[in-house]
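In this text the structure is predicted, and so the values were computed from the model without any measurement. Numbering of ligands and ligand atoms starts at 1, following listing order.
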Amino acid sequence: MGSSLSKTTGPLKFDILLIGLDNAGKTSLFKRITQPETVSLDSDLVIEPTIAFEKESIQYRNNNITLWSLGGQNKIRPLWRSCGSFSSDNEIMLTSPVLWNAHAYMFVVDATAPERFAEAKEELHRLHEELHHRQYKHPLLVVVNKMDSGVNAERLGEISKALDVTKLEKSGRIVGMKGVSARTNEGVEEVMQWFLENTSAADIALHDEHRKEVEGSRA
Ligand SMILES: Nc1nc2c(ncn2[C@@H]2O[C@H](COP(=O)(O)OP(=O)(O)OP(=O)(O)O)[C@@H](O)[C@H]2O)c(=O)[nH]1
Ligand SMILES: [Mg+2]
């Protein structure tokens, strides 16, 4: 993932949550970002549906970024909002709903599944509504994946309409939309750059302070 792009802010430490419907390609993107050297380009990414979540921290251009990828299957989605630990092999105990632990969000959409855009829109807007009540406006990037499958820029506009991304923008949230391919790595660097540009140290501190308060009030 080498690049000549340079950072504009100091080193940051923050969490990005990958969320979206099952089969969108969240785990594929997660692996592409966290283990680029182990996933060969253009290979068929053979991946099992995620049962709970994946989590990994990386050093990315001097920043410490933790990525979370949640399973998107319908039966798993209630876990997004549940408290406590997952009863899987993952040993991490979660003290507040995993959905609220992130500083920034990546909502992944499968460009090749138009029949699921309405369902994706529903989940995207629900997430937005719930984040709305939080302390600060978490950056939210809509990532349209599988652009290698003959999806052009015009199509990206149609997908934006189908998901009503404009409505999110009008709310004052920092919202972006980018086309990527976890298979070919197209656009992945730009996605990471977007998060660096749109996540500030002040907002991270605000989020962390609020989270401490919430957890303190539960203890
Ligand atoms: N053509 C193409 N296929 C992809 C791409 N990314 C992922 N896939 C395929 O899409 C399928 C689902 O990928 P996953 O990464 O498991 O999807 P997920 O969003 O993690 O799914 P859940 O864990 O069930 O929520 C797999 O068969 C991948 O090989 C891509 O960029 N292009
Ligand atoms: Mg997955």
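- Any protein N/O/S atom under 2.8 Å from the Mg ion (ligand 2) was counted, giving 2 altogether.
- Residue-to-ligand polar distances place Gly72 within reach of ligand 1: an N/O pair is separated by less than 3.5 Å.
- Taking the side chain as every heavy atom from C-beta outward, Glu123 and Arg77 approach each other to under 4.5 Å.
- The side chain to side chain donor-acceptor pair (under 3.5 Å) test applied to Glu158 returns Arg155, not counting sequence neighbours.
- The closest side-chain heavy-atom distance from Tyr105 to Leu141 is not below 4.5 Å.
- For ligand 1, the polar-atom distance check against Met147 finds no nitrogen or oxygen pair separated by under 3.5 Å.
- Val142 pairs in a side chain to side chain contact (heavy atoms under 4.5 Å, CB included) with only one of the listed residues (Ile159, Leu156, Val108, Val109), which is Val109.
- Side-chain N/O atoms of Gln193 and Glu189 include no donor and acceptor closer than 3.5 Å.
- Scored by the salt bridge (Lys or Arg N to Asp or Glu O under 4.0 Å) test, Asp110 finds Lys146 as partners (sequence neighbours excluded).
- Distances between N or O atoms of Ser69 and those of ligand 1 include no value under 3.5 Å.
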Output, in order, the C-alpha distance, side-chain angles, deciding distance and verdict of side-chain hydrogen bond (donor to acceptor under 3.5 Å, both in side chains) for His138 and Arg173. CA-CA 7 Å; His138 303 70; Arg173 178 183 305 289; 4.7 Å; no

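- For the pair Ile174/Trp194, a side-chain contact is recorded, criterion being any heavy-atom separation below 4.5 Å from C-beta on.
- Near Ser181, with a cut-off below 4.0 Å to any heavy atom, the atoms of ligand 1 are 31 (O).
- Between Asp15 and Ile65 the shortest side-chain heavy-atom distance does not fall below 4.5 Å.
- Checking only distances, Gly71 never comes within under 3.5 Å of ligand 1, N or O to N or O.
- With a 4.0 Å cut-off on non-hydrogen atoms, Asp148 touches ligand 1 through its side chain and not its backbone.
- Residue Thr50 approaches ligand 1 through these ligand atoms, each under 4.0 Å from one of its heavy atoms: 22 (P), 23 (O), 24 (O).
- Below 4.0 Å from some heavy atom of Pro49 lie the following atoms of ligand 1, by number and element: 23 (O), 24 (O).
- By the criterion of a heavy-atom distance under 4.0 Å, the side chain of Asn145, and not its backbone, is placed next to ligand 1.
- Among residues two or more places apart in sequence or in another chain, the salt bridge (Lys or Arg N to Asp or Glu O under 4.0 Å) test is passed with Arg116 by Asp22, Glu119.
- With a 4.0 Å heavy-atom cut-off, ligand 1 is reached by the side chain of Ser149 but not by its N, CA, C or O.
- Where the criterion is an N or O separation shorter than 3.5 Å, residue side chain and backbone included, Lys26 meets it with respect to ligand 1.
- Considering backbone and side-chain atoms together, Gly25 places an N or O closer than 3.5 Å to an N or O of ligand 1.
- Looking at Asn185 and Arg32, their side chains come closer than 4.5 Å, going by heavy atoms from C-beta outward.
- When the options Thr199, Asp208, Thr66 are evaluated for a side chain to side chain donor-acceptor pair (under 3.5 Å) with His103, the one that passes is Asp208.
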